[in-house]
Every structure is written in C-alpha cells, then in structure tokens.
There are 2 protein chains.
Amino acid sequence: MVVDDLSDGELDRVFRALADPTRRDILVRTMRAGESVSSLAAHYRMSFAAVQKHVAVLERAGLVNKQRHGREQIVHGDPETLHRATTLLERYERLWTDRATRIAGILADEEGSTT
Amino acid sequence: MVVDDLSDGELDRVFRALADPTRRDILVRTMRAGESVSSLAAHYRMSFAAVQKHVAVLERAGLVNKQRHGREQIVHGDPETLHRATTLLERYERLWTDRATRIAGILADEEGSTT
DNA sequence: ATAACGTACAACCAAATGGTTGTAGATGAC
DNA sequence: GTCATCTACAACCATTTGGTTGTACGTTAT
C-alpha cells in the first residue's frame, strides 16, 4: 500500500496552505460541501480577490479542486491530499514510539548479556 | 477526552513550522533522539545562525523544546504538539466521511425506511 | 443587446520570511 | 587565567506573502 509519497515541494505547499485560519476555514467548508468562490468570499471581511488568492493557494497544494458549473466555480475539498499529510504526521509521531522501543531493547540487552 | 485545543495562532505556527524541509528534517532527527543545535547545524549547508532560527520557529510552535546540558542546548522533538496537529487533520478528514454518511442517510430515507 | 454576475489576473504595497555576517555572553578544557 | 566552543541576538538584504484596487472576460438573465 503506497500510503504517502508527497514530495518536499508538495509538503511545503500543503503545510503552508494550512498555516492560515481563513484557508483552514475554507477547507472545512469545502470538505463539508462544494461552494462557489463568491459564496465563500461572502463569509469573510476581506475582498473577493483576497479569497480568490486563498483558494488558489489551497488548489496549488492539492487540498481543493474547482469544478466549473455554469458561470460559477465550485470549490471542493480533496480528502486524498489531506489524508497524505495526516499520514506523514503519524509517521513522525511513530519516530517517538520507535525510539522508546529501541531504548527499551537496549536496556533489556544490558540486563542479560554482553558488555 | 480533550484531544485537541490548539488555538488559531498556535495552529498557524505549527503548520508554518512544518512548511519547510529543513525544519521537517530537524523535527525528524530530534524526535528520534535529542541533538544539540550545533550538531544539527552540521547537517545543513546553511549558517549556524540560520539553523538556530529554524529551531526557534519549531520551538515557538511547540514542536520541539530545548534542554540545557552543560554549554550545549539539546533539542528534543515534542510528540504531544505533533499529535494535536495530527488529530486536527483527522478531524478535517472526518468532515468528508460525515458528509458521505449524511448523503447516504438522505438516500436511504428517500428509498423508504429507517435502517 | 445590454446589464448584472462570477471569475481571472495584473499592479501595487506593507509586513513577514529565510538567509547572511558580525558581535557578545557563558561554559568547559587546558 | 586563557582559549576554544556553543549559543544568543542584532542588523541587514532579497524574496515571498497577504492584502488592496482596477481592469477584462465569459456567462446568464432581461
């Protein structure tokens, strides 16, 4: 199972995209259901163009995609990319437990034999 | 169980800290085992001061902490903060499945019964 | 056809980021 | 004490970011 193969550049974009409250909010909304860019823009106190830029950042990161529908552009959250990021963090967490296990192993060795 | 309560500002810092390959590498190393700042700096082609700054970013994000040991400052990865970030992403992912479940529920209702 | 709507994108600006060099303070070794 | 090492931090610089306004273009409605 190929769990995760995001390149360094992709990871940069994914985490950078997540490092902004407006973008996280957009992600949450579009994960729940698709929403047009202007509909999204209505939720925030910034200009339409600013929201458009935030969506573009999320899109470049692969966290959302856009689907044309008439004159509207519907933004959808992409669970796949999000899942890959989650998996990576879980792997980082595992480094810690592996380390604990390794130390436990060393201690066990010292108690019983060589050295 | 209070799984996760990172504020917006904390999340900004955590994800921003993760959005750089050098910092991700430092995190991996220090999760495996503590390492002094100068020892870390030896791994990269940038200046000592630059690495010091990266460590500071990770520290402000709560992803690592420093422990003075003699004249050295040992950097340790913090699995707790990392876990909180992971949990948040998992929650974001759940929005998707919840949405799918919700839709499935609606379809089931339309078909005629409550299963 | 014309008006209104939704979007795209360029130009511009202030602030933050990621790097540099240089200086200075503690601590450990000799 | 003196010297080398590890760290901290300021000042500076180029680039990126997050916001703005303005203009242009395709689509829908009247």
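Residue numbering restarts at 1 for every chain, and letters A, B, ... go by the order of the sequence lines. Everything numeric here is computed off the predicted structure, so don't read it as measured data.
Nucleotide D:dT20 holds its P atom 10 Å from the CZ atom of A:R45, rounded to whole Å. Spacing between atom CZ of B:R23 and atom P of C:dG19 amounts to 8 Å, rounded to whole angstrom units. If you take CG of A:L40 and P of C:dG6, they are 13 Å apart, rounded to a whole angstrom. Atom P of nucleotide C:dA8 and atom CZ of A:R60 are separated by 12 Å, given to the nearest angstrom. At whole-Å resolution of the value, CZ in A:R71 and C1' in C:dA4 are 7 Å apart. Atoms CZ (B:F48) and P (D:dC9) sit 11 Å apart, rounded to a whole Å. Rounded to an integer number of Å, the gap from CG of B:D20 to P of C:dG18 is 6 Å. Taking atom NZ on A:K66 and atom P on C:dG6, their separation rounds to 15 Å, with Å as the unit.
Summary for the helix from C:dA1-D:dT30 to C:dC30-D:dG1: the axes at its two ends, each from 5 pairs, differ by 30° when rounded to the nearest 10 degrees.
In this structure, B:T22 reaches neither bases nor backbone, as no heavy-atom distance under 4.0 Å exists between it and the strands shown. Residue contacts shown for B:S38 are limited to sugar-phosphate atoms, with no base heavy atom under 4.0 Å away.
Side-chain atoms of B:H43 and B:E35 form a donor-acceptor pair, as typed in the model, at a separation below 3.5 Å.
With respect to the salt-bridge test (charged N to carboxylate O, under 4.0 angstrom), the residues A:R94 and A:E90 do not qualify. Electrostatic pairing of A:D25 and A:R29 counts as a salt bridge here, judged by a charged N lying under 4.0 Å from a carboxylate O.
One finds no side-chain N or O of A:S36 lying less than 4.0 angstrom from the OP1 or OP2 phosphate oxygen of C:dG6. In terms of phosphate contacts, B:S47 brings no side-chain nitrogen or oxygen within less than 4.0 Å of OP1 or OP2 of C:dG19.
Residue whose closest nucleotide on DNA chain D sits further toward the 5' end, between A:H69 and B:K53: B:K53. Closest-nucleotide positions on DNA chain D for B:Q52 and A:H54 were compared, and the one nearer the 5' end corresponds to B:Q52.
In the set D:dT20, C:dG19, C:dT7, the nucleotide with an atom closest to the side chain of A:R68 is C:dT7. The side chain of A:A49 has D:dG22 as its nearest neighbour among D:dC9, C:dG18, D:dG22.
With hydrogens and angles ignored, the 3.5 Å screen pairs no side-chain donor or acceptor of B:R68 with any backbone N or O of B:Q73.
By the side chain to side chain donor-acceptor pair (under 3.5 Å) test, B:E93 pairs with A:H83, A:T86, sequence neighbours left out.
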**OP:** List the steps and the verdict of side chain to side chain contact (heavy atoms under 4.5 Å, CB included) for A:V37 and A:F48.
**Re:** CA-CA 8 Å; A:V37 182; A:F48 171 83; 3.7 Å; yes

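Note: the hydrophobic cluster containing B:L27 also contains A:L89 (ILVMFWY, side chain heavy atoms under 4.5 Å, direct or indirect links).
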